Amino acid sequence: MNSLDGKVAFISGAARGIGATTARLMVEAGARVAIGDVLDERGRQTVQGIAGESETVIYQHLDVTREEDWSSAIAATVARFGGLDILVNNAGLFLGKGIEEASLDEWHRLCAVNLTGVFLGTKLALPALRERARQSPHGSAIVNLASVAGLVGSQLDPLYSMTKGGVTLFTKSTALEFARKGYRVRVNSIHPGLIQTDMGEQTFVSRARKQAMSRHPIGRLGVPEDIAKGIVFLASDDAGFMTGAGLVIDGGSTAQ
């Protein structure tokens, strides 16, 4: 189950947190992985920690808001590994401010990372994904990191929720477009609850930890492995009949 033998994946925002954990699990499942981030030193450390002296993981500098960065990163990945089967649009930004507190510049930055970054990644990786899909029984796969905040309203984070709601519907719409065009590229989203990562710690600043715990009926907060396992599943041929779907991994928070 979840074997990624022979597949090549690109993961944005993967120097740490969910992205780095996903890279590790994908390598363990047999994939070769390129990780992109703006945190160059941390990204190279992550590659070294996963791959050691092997050549199964590479690092590429990537500012997801810059078209030229995406073009260079995807081209380098294809040149190194011979193609691209999987794109994980993982890079994201959390603001943690209400509408009255947030500035226009902060809003533009939030949109640039959470929305423009997903658009650019999808657009610029698509030719390589389409090419590889011709050789695979189940085609290629895109996994977009959304959030439970993209499914239900958020009292404290309305702007973040707005961007993640956009990712949710972009996922469904691109899945339908690519299916209509016969591209054989599946597109699904994943919706984490509150996860113990650097971004999760930012959330704790604006939301008391006890209150956050109470929103998860399962009795704990999530950890990166909880989400990374879901990403690996959606990227694998085991999810070959899934497209335009959203996988919720939230400890039961949206069931209330």
Side-chain angles (χ1 to χ4, degrees), residues 1-4 9-31 33 35-37 39 42-43 45-52 56-57 59 86 88-96 113-114 141 143-152 154 156-157 160-161 163-164 167-168 188-236 238-239 245-256:
M1 293 292 287
N2 295 347
S3 174
L4 299 178
F10 187 93
I11 310 173
S12 70
R16 58 186 180 181
I18 292 170
T21 302
T22 301
R24 175 174 58 81
L25 294 188
M26 284 189 167
V27 169
E28 291 174 1
V33 178
I35 67 174
D37 212 305
L39 303 174
R42 183 75 175 268
Q45 290 172 352
T46 296
V47 168
Q48 181 65 27
I50 294 172
T56 54
V57 190
Y59 175 78
I86 299 160
V88 182
N89 281 312
N90 170 73
L93 181 66
F94 177 76
L95 184 58
V113 175
N114 292 0
V143 182
N144 293 325
L145 268 288
S147 169
V148 293
L151 296 174
V152 298
S154 174
L156 300 176
D157 315 313
Y160 179 76
S161 186
T163 63
K164 291 302 183 179
V167 172
T168 300
N188 294 291
S189 56
I190 196 158
H191 301 263
L194 193 53
I195 309 301
Q196 296 183 72
T197 63
D198 291 340
M199 186 180 292
E201 290 300 322
Q202 284 183 274
T203 309
F204 295 141
V205 173
S206 59
R207 182 182 300 164
R209 184 177 290 267
K210 185 176 181 180
Q211 180 187 0
M213 285 284 288
S214 71
R215 292 180 55 84
H216 294 73
I218 206 167
R220 67 173 176 87
L221 299 179
V223 295
E225 285 81 1
D226 292 321
I227 310 307
K229 289 175 182 177
I231 296 170
V232 171
F233 166 68
L234 290 176
S236 75
D238 294 328
L247 180 59
V248 180
I249 305 178
D250 68 346
S253 65
T254 56
Q256 302 176 93

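Everything numeric here is computed off the predicted structure, so don't read it as measured data. Below, each value reflects all heavy atoms present in this structure, side chains not excepted, and no hydrogens, waters or symmetry copies.
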Between Leu221 and His216, does the side-chain contact (heavy atoms from CB on, under 4.5 Å) criterion hold? Intermediate values first, please. CA-CA 7 Å; Leu221 299 179; His216 294 73; 3.9 Å; yes

Which of these, Ile249, Thr22, Leu247, Thr21, sits in a side chain to side chain contact (heavy atoms under 4.5 Å, CB included) with Ile227?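 Exactly one pass, corresponding to Ile249.
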
Contacts of type side-chain hydrogen bond (donor to acceptor under 3.5 Å, both in side chains), residue Thr163, not counting sequence neighbours: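 Scan of Thr163 (side-chain hydrogen bond (donor to acceptor under 3.5 Å, both in side chains), adjacent residues dropped) gives Asn114.
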
Could you list the residues that satisfy side-chain hydrogen bond (donor to acceptor under 3.5 Å, both in side chains) with Asn144, not counting sequence neighbours?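 Testing Asn144 for side-chain hydrogen bond (donor to acceptor under 3.5 Å, both in side chains), a comparison that skips the adjacent residues, returns Asn89, Thr171.
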
Taking the side chain as everything from C-beta on, heavy atoms only, tell me whether [X] gets closer than 4.5 Å to [Y].
X	Y	answer
Ser154	Tyr160	no
Ile231	Ile18	yes
Val232	Glu28	no

Do any N or O atoms from the side chain of [X] and from the backbone of [Y] form a donor-acceptor pair under 3.5 angstrom?
X	Y	value
Tyr59	Asp37	yes
Asn90	Ser12	yes
Asn188	Ala245	yes
Asp157	Gly96	no
His191	Asp250	no

Mind listing the closest non-hydrogen atom pair of [X] and [Y] along with its distance?
X	Y	answer
Leu25	Ala228	CD1-CB, 3.6 Å
Ser236	Ser3	CB-O, 4.3 Å
Val167	Ala146	CG1-CB, 4.0 Å
Lys164	Ala149	CB-C, 4.4 Å
Thr46	Ala20	CG2-CB, 3.7 Å
Ser147	Pro192	CA-CD, 3.8 Å

Residues Lys229, Glu225; criterion salt bridge (Lys or Arg N to Asp or Glu O under 4.0 Å); working and verdict: CA-CA 6 Å; Lys229 289 175 182 177; Glu225 285 81 1; over 6 Å; no

Passes side-chain contact (heavy atoms from CB on, under 4.5 Å), Leu145 versus Val88? Steps please. CA-CA 8 Å; Leu145 268 288; Val88 182; 3.9 Å; yes

To the nearest 0.5 Å, tell me how far Ser253 OG sits from Leu151 CG.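 Answer for the OG-CG pair, Ser253 versus Leu151, is 9.0 Å.
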
Mind running salt bridge (Lys or Arg N to Asp or Glu O under 4.0 Å) on Asp226 and Arg220 for me, showing each step along the way? CA-CA 12 Å; Asp226 292 321; Arg220 67 173 176 87; 2.9 Å; yes

